[in-house]
J.: 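Below is a structure I'd like to ask you about.
Lettering of chains follows the sequences in order, A, B, ..., and the numbering in each one begins at 1. Source: prediction; values computed, not measured.
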Protein chains: 2
Amino acid sequence: MPQVDEHLIDDDIDTSAWDGVPIRLRAAGLRWTPQRRTLVDVLREHQGHVTATELISRCRERDQTTTPSTVYRTLDVLEEFGLVAHGHGHDGREEYHVLPGETHGHLYCEACGRQWEIRPETGAAIVDALAADLGFEVDLSHVTISGHCQGCHD
Amino acid sequence: MPQVDEHLIDDDIDTSAWDGVPIRLRAAGLRWTPQRRTLVDVLREHQGHVTATELISRCRERDQTTTPSTVYRTLDVLEEFGLVAHGHGHDGREEYHVLPGETHGHLYCEACGRQWEIRPETGAAIVDALAADLGFEVDLSHVTISGHCQGCHD
DNA sequence: CGGTCGAACGCAACACGTTGCAATAGCAAT
DNA sequence: ATTGCTATTGCAACGTGTTGCGTTCGACCG
Ligand SMILES: [Mn+2]
Ligand SMILES: [Mn+2]
Ligand SMILES: [Zn+2]
Ligand SMILES: [Zn+2]
C-alpha cells in the first residue's frame with residue numbers, strides 16, 4: 001500500500017518547497033549562488049523557529065567564509081517568497097519561522113523563552129477585533145505577543 | 001471658582017508624576033543624579049511616543065556629555081516605576097511611551113509609520129482570546145501589532 | 001564556448017542596544 | 001563636615017542588523 005501524501009505527520013515535514021528555489025529565483029531575474037545554496041541547505045534541515053544568528057553560525061559550519069550581510073539579504077529574498085517569516089522576540093532580536101505555511105502570529109513566554117503559534121481562530125479574533133476598532137488591517141505574520149505561558153504564571 | 005482637578009483635558013498633561021521621582025528613587029535605595037535629572041527634564045516635555053535614540057539626542061542638547069548606556073539604564077529604572085513603557089517597532093527598535101497610564105498595546109502602520117493605542121476593550125478582547133486558547137497571560141504593555149491603518153490599505 | 005549585463009558578493013562603516021569593570025560620587029549616618 | 005558604603009557612571013568591547021560601494025561572477029545569448 002502506497003504512502004498517503006495528502007497528510008504529513010508532524011516529524012515528516014514537507015521539504016520539497018526548497019527544491020524549486022533555484023528555478024523560482026531565476027524566473028524572477030535573480031540568481032542561484034553558492035552562498036544561497038548553503039543557506040537553503042541549512043534551512044532544509046530546520047523546522048519551526050530559529051534566530052538569524054543561529055542560521056549564520058550553521059552556515060559558517062558548512063562554509064567558513066559566510067558573511068552576515070549576505071545571509072540577511074538572502075533571508076529577505078526568501079521571506080518575499082514566503083519560505084521564511086520573521087518576527088521579533090521580547091528583546092527585538094529576529095526570529096525566523098521556517099516554512100511558515102498559513103500566516104500566523106507567535107506567542108513568546110518571557111519566563112521560559114518557549115514559543116507557540118497563535119491558532120487560526122485565535123488569530124482571526126485578533127484581526128477582527130482591530131478591524132472593528134480602527135479599521136486596522138493586521139499583518140499577523142509579524143505579530144509576536146509576549147507574556148507568560150500557562151506553566152509560568154503564578 | 002477653583003479649577004476642577006479630577007479631569008484633565010487632552011493637551012493639559014499631568015506632569016506631576018515626575019516631581020516625586022527623586023524621593024521615590026531614594027526610598028528604593030537608588031540615587032538622584034545629574035544624569036537622571038537631565039533625562040527626567042527631557043521626558044517632562046514629552047507626551048506619547050519617543051524612540052530611545054531621540055531621547056538620547058535630546059539629553060545631549062542639554063548635557064553634551066550624555067552617554068547612551070546611562071540613558072538606557074535610567075529608562076529601565078523609570079520603566080520599573082511605571083513612568084515609561086517600551087515596545088518594539090516593526091524593525092525591532094525601541095519606542096518609549098511616556099506616562100503610559102493604563103496598560104495598553106500599540107498599533108503601528110507599516111505604510112505611514114503612525115501609531116495608535118489599542119483601546120481597553122479591544123485589548124481585553126486580545127487578552128481574553130489568548131487566555132482561552134492556551135492559558136497564555138499577555139503582557140499588553142509590550143505588544144506592538146503592525147499592519148496597515150485605515151487610510152493606508154487599498 | 002566566449003562576451004555582456006547587472007545581481008549578488010565581501011567588506012568596511014555605521015546604528016542601536018547591552019554588558020563588565022574600574023573609578024566616581026550620592027546619600028545617610030556619625 | 002567627614003566618612004563609608006555602594007549605586008551609578010563612563011568607557012570600551014561586544015552583539016545584532018543595515019547600508020553603500022567597488023568587485024565578482026551567474027545567467028543568458030550569439
Ligand atoms: Mn522589549
Ligand atoms: Mn520586522
Ligand atoms: Zn513559560
Ligand atoms: Zn498608515
J.: What is the distance from CZ of A/Arg93 to P of C/dC16, rounded to the nearest Å?
T.: 18 Å
J.: Please answer whether the main-chain N or O of B/Thr74 pairs with a side-chain N or O of B/Arg36 as donor and acceptor at a distance below 3.5 Å.
T.: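 Answer holds: no.
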J.: Return each pair, listed once, that meets salt bridge (charged side-chain N to carboxylate O under 4.0 Å, His left out) where at least one residue sits in residues 129-148 of chain A; pairs must be two or more places apart or across chains.
T.: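 Non-adjacent pairs meeting salt bridge (charged side-chain N to carboxylate O under 4.0 Å, His left out): A/Asp133-B/Arg119.
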J.: Report the distance from atom NE2 of B/His90 to atom C1' of D/dT18, rounded to the nearest whole Å.
T.: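 Nearest whole value for this atom pair: 14 Å.
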J.: For residues 93-107 of chain B, which residue pairs pass the salt bridge (charged side-chain N to carboxylate O under 4.0 Å, His left out) check, not counting sequence neighbours?
T.: B/Asp91-B/Arg93
J.: Round to the nearest Å and state the distance from B/His88 atom NE2 to D/dG17 atom P.
T.: 13 Å
J.: Would you kindly give the CZ-to-C1' distance between A/Arg24 and C/dA7, to the nearest whole Å?
T.: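 The distance from CZ of A/Arg24 to C1' of C/dA7 comes to 18 Å, rounded to the nearest Å.
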J.: B/Gln150: what forms a side-chain hydrogen bond (donor to acceptor under 3.5 Å, both in side chains) with it, not counting sequence neighbours?
T.: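 B/Gln150: no side-chain hydrogen bond (donor to acceptor under 3.5 Å, both in side chains) contacts found.
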J.: Supply the atom-to-atom distance B/Gln35 CD to B/Arg73 CZ, rounded to the nearest 0.5 angstrom.
T.: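 Between atom CD of B/Gln35 and atom CZ of B/Arg73 there are 11.0 Å.
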J.: Is there a side chain to side chain donor-acceptor pair (under 3.5 Å) between B/His88 and B/His142 once you walk through the steps?
T.: CA-CA 8 Å; B/His88 299 270; B/His142 198 266; 3.2 Å; yes
J.: Side-chain heavy atoms under 4.5 angstrom apart, residues restricted to Ile, Leu, Val, Met, Phe, Trp, Tyr: same cluster for B/Val143 and B/Val84?
T.: no
J.: Over how many whole Å does the gap from B/Asp91 atom CG to D/dT16 atom P extend?
T.: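 In whole Å, D/dT16 P and B/Asp91 CG are 17 Å from each other.
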J.: Side-chain N or O of B/Tyr72 less than 4.0 angstrom from OP1 or OP2 on C/dT18?
T.: no
J.: Any donor and acceptor pair, going by atom type alone, linking the side chain of A/His86 with main-chain N or O of A/Glu79 inside 3.5 Å?
T.: no
J.: Rounding to an integer number of Å, can you tell me how far B/Ile56 CD1 sits from C/dA15 C1'?
T.: 11 Å
J.: Per the end-axis method with five pairs at each terminus, what is the bend angle of the helix from C/dC1-D/dG30 to C/dT30-D/dA1, to 10°?
T.: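 Helix axis angle between the two ends: 10°.
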J.: Taking side chain as C-beta onward, heavy atoms only, is A/Trp18 less than 4.5 Å from A/Val98?
T.: yes
J.: I'd like to know if the side chain of B/His153 and the backbone of A/Gly135 have a donor-acceptor N/O pair within less than 3.5 Å.
T.: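 Pair found, side chain donor or acceptor close to backbone of A/Gly135.
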J.: Just the rounded figure in Å: distance from P of D/dT16 to CZ of A/Arg60.
T.: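 Between P of D/dT16 and CZ of A/Arg60: 11 Å.
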J.: Pick the closest DNA chain C nucleotide for B/Glu95 and for B/Pro22 by heavy atoms, then say which residue is nearer the 5' end.
T.: B/Glu95
J.: Shorter than 3.5 Å, N or O on both sides, protein versus nucleotides 8-10 of chain D: list them out with atom names.
T.:
unit_1: D/dT8; atom_1: OP1; unit_2: B/Arg31; atom_2: N; d: 2.9
unit_1: D/dT8; atom_1: OP1; unit_2: B/Arg36; atom_2: NH1; d: 2.5
unit_1: D/dT8; atom_1: OP1; unit_2: B/Arg36; atom_2: NH2; d: 3.4
unit_1: D/dT8; atom_1: O5'; unit_2: B/Arg36; atom_2: NH2; d: 3.4
unit_1: D/dT9; atom_1: OP1; unit_2: B/Thr33; atom_2: OG1; d: 3.0
unit_1: D/dT9; atom_1: O3'; unit_2: B/Gln35; atom_2: NE2; d: 3.1
unit_1: D/dG10; atom_1: OP1; unit_2: B/Gln35; atom_2: NE2; d: 3.3
unit_1: D/dG10; atom_1: OP2; unit_2: B/Thr70; atom_2: OG1; d: 3.0
unit_1: D/dG10; atom_1: N7; unit_2: B/Arg73; atom_2: NH2; d: 3.3
unit_1: D/dG10; atom_1: O6; unit_2: B/Arg73; atom_2: NH2; d: 2.9

J.: Grab the CG-P distance between B/Asp76 and D/dA7 for me, whole Å please.
T.: 16 Å
J.: Find every protein N or O atom lying less than 3.5 Å from an N or O atom of nucleotides 22-24 of chain C, and list the pairs.
T.:
none

J.: With respect to A/His106, which candidate in A/Gln115, A/Glu117, A/His49 satisfies the side chain to side chain donor-acceptor pair (under 3.5 Å) definition?
T.: A/His49
